[in-house]
Amino acid sequence: MLLAELSAIRIDMTDRPRRLMFAEGLLPPEILSRGSLRGNEYAWPVDDIPMVIAAAEKASLISLGGQLQFRLSDGGTCECYWVDVDIGRSELVGSNWAEKVRHSGQLARERFMQLRERFDFLHEGRTNFQPVVEAEARGDDLSSAMCFVWYVEDQTGRHGFELN
């Protein structure tokens, strides 16, 4: 199928299975397989986020940012919404899509590194969520439960990893 034909295919973004197929087609399988899908969002281990940002750039996707989460073994999710990277579209400079993709990747890497310097992620979970404390008391490895949801957007304005 030609690229023009592919881009003409309309993806019904209200159809979750199609959104899932769309999301899973954005990044290489080796990157996507390192993440987890819970509810309607993909998330990756914190240390993998620079790799996710690089893969998004390579796939010509804008990185919009994300938030820290603890995905607990009992199925609970605790989101540290204040521990986030947020890149506004108005911040993306460049005269074409490729420049905006490159700029969003640069901003994402810088802000993610700043965030890691500013916050002790494990401390944030332990001090703000009783379920995190309880999970650790049960023997759960908080480092494994800790992840980062990451959002991207393609050139048509569709979000990639949030399946709402």
Side-chain angles (χ1 to χ4, degrees), residues 3 6-16 18-71 76-125 127-129 132 145-164:
L3 184 58
L6 282 173
S7 64
I9 295 174
R10 184 180 182 281
I11 295 176
D12 180 358
M13 298 313 267
T14 61
D15 181 348
R16 191 175 194 281
R18 287 188 186 183
R19 278 201 46 85
L20 185 59
M21 285 175 44
F22 171 70
E24 291 178 346
L26 294 175
L27 294 180
E30 62 271 11
I31 299 292
L32 199 58
S33 69
R34 296 179 65 83
S36 65
L37 176 62
R38 185 174 285 186
N40 291 319
E41 296 178 312
Y42 273 96
W44 286 266
V46 171
D47 290 339
D48 286 356
I49 292 302
M51 195 173 12
V52 172
I53 294 168
E57 279 183 284
K58 190 171 183 179
S60 192
L61 301 167
I62 285 179
S63 282
L64 298 173
Q67 300 86 29
L68 176 66
Q69 286 187 352
F70 288 84
R71 293 184 171 186
T77 300
C78 299
E79 184 169 354
C80 303
Y81 60 86
W82 62 95
V83 182
D84 74 326
V85 172
D86 185 14
I87 299 169
R89 285 170 193 81
S90 62
E91 296 180 80
L92 301 178
V93 298
S95 60
N96 62 47
W97 184 256
E99 290 173 0
K100 290 178 182 182
V101 166
R102 191 170 36 259
H103 187 71
S104 77
Q106 177 186 352
L107 286 175
R109 276 187 292 282
E110 289 171 4
R111 290 185 184 168
F112 187 72
M113 288 178 60
Q114 291 167 354
L115 199 65
R116 289 192 82 171
E117 292 170 2
R118 183 174 166 209
F119 289 100
D120 175 338
F121 291 172
L122 287 173
H123 177 76
E124 292 301 316
T127 58
N128 289 286
F129 298 103
V132 171
M146 186 173 62
C147 59
F148 222 84
V149 174
W150 199 255
Y151 304 104
V152 298
E153 185 175 276
D154 75 358
Q155 196 165 0
T156 67
R158 292 183 294 221
H159 293 276
F161 304 120
E162 185 177 23
L163 305 179
N164 293 328

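Side chains are part of it too, since the values below use all heavy atoms of this structure and drop only hydrogens, waters and symmetry mates. These figures come from a predicted structure and were not determined experimentally.
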> Does some side-chain heavy atom of V52 sit less than 4.5 Å from a side-chain heavy atom of F112?
Replying inline: no
>> Tell me the closest heavy-atom pair linking L92 and H103, and the distance in Å.
In response: CA-CD2, 3.8 Å
> How far does CG of N96 sit from CD of Q155, to the nearest 0.5 angstrom?
Replying inline: 9.0 Å
> Given the rule in the side chain to side chain contact (heavy atoms under 4.5 Å, CB included) test, do I49 and R109 qualify, once you have shown the distances and angles that lead to the verdict?
Replying inline: CA-CA 9 Å; I49 292 302; R109 276 187 292 282; over 6 Å; no
> Do other residues, nucleotides or ligands put more than 12 heavy atoms under 6.0 Å from the CZ atom of R34?
Replying inline: no
>> Please find the pair of heavy atoms, one from Q67 and one from Y151, that lie closest to each other, and give the distance.
In response: OE1-OH, 3.2 Å
> CG/L68 to CG/L122 distance, rounded to the nearest 0.5 angstrom?
Replying inline: 8.5 Å
> Could you walk me through whether L32 and W44 pass the side chain to side chain contact (heavy atoms under 4.5 Å, CB included) check?
Replying inline: CA-CA 9 Å; L32 199 58; W44 286 266; 4.1 Å; yes
> Minimum heavy-atom separation for S104 to S63, with atom names?
Replying inline: OG-N, 3.1 Å
> Which heavy atom of A108 sits nearest a heavy atom of W150, and at what distance?
Replying inline: CB-CZ2, 3.6 Å
Would you give me the side-chain donor-acceptor pairs under 3.5 Å for residues 76-84, sequence neighbours excluded?
from, atom 1, to, atom 2, distance (Å)
T77, OG1, R38, NH1, 3.3
W82, NE1, E124, OE1, 2.8

> Is there a donor-acceptor contact under 3.5 Å from the side chain of R111 to the main chain of D86?
Replying inline: yes
>> Using every non-hydrogen atom in the two residues, find where V152 and A56 come nearest and quote the distance to one decimal.
In response: CG1-CB, 3.9 Å
> Can you tell me if Q106 and E110 form a side-chain donor-acceptor pair at under 3.5 Å?
Replying inline: yes
>> Minimum heavy-atom separation for Q69 and R71, please, with both atom names.
In response: OE1-NE, 2.8 Å
> When rounded to the nearest 0.5 angstrom, what is the spacing between CD1 in I87 and CD1 in I62?
Replying inline: 9.5 Å
> Should F148 and D48 be marked as a side chain to side chain contact (heavy atoms under 4.5 Å, CB included) after you check the CA-CA gap, both sets of side-chain angles, and the distance that decides it?
Replying inline: CA-CA 9 Å; F148 222 84; D48 286 356; over 6 Å; no
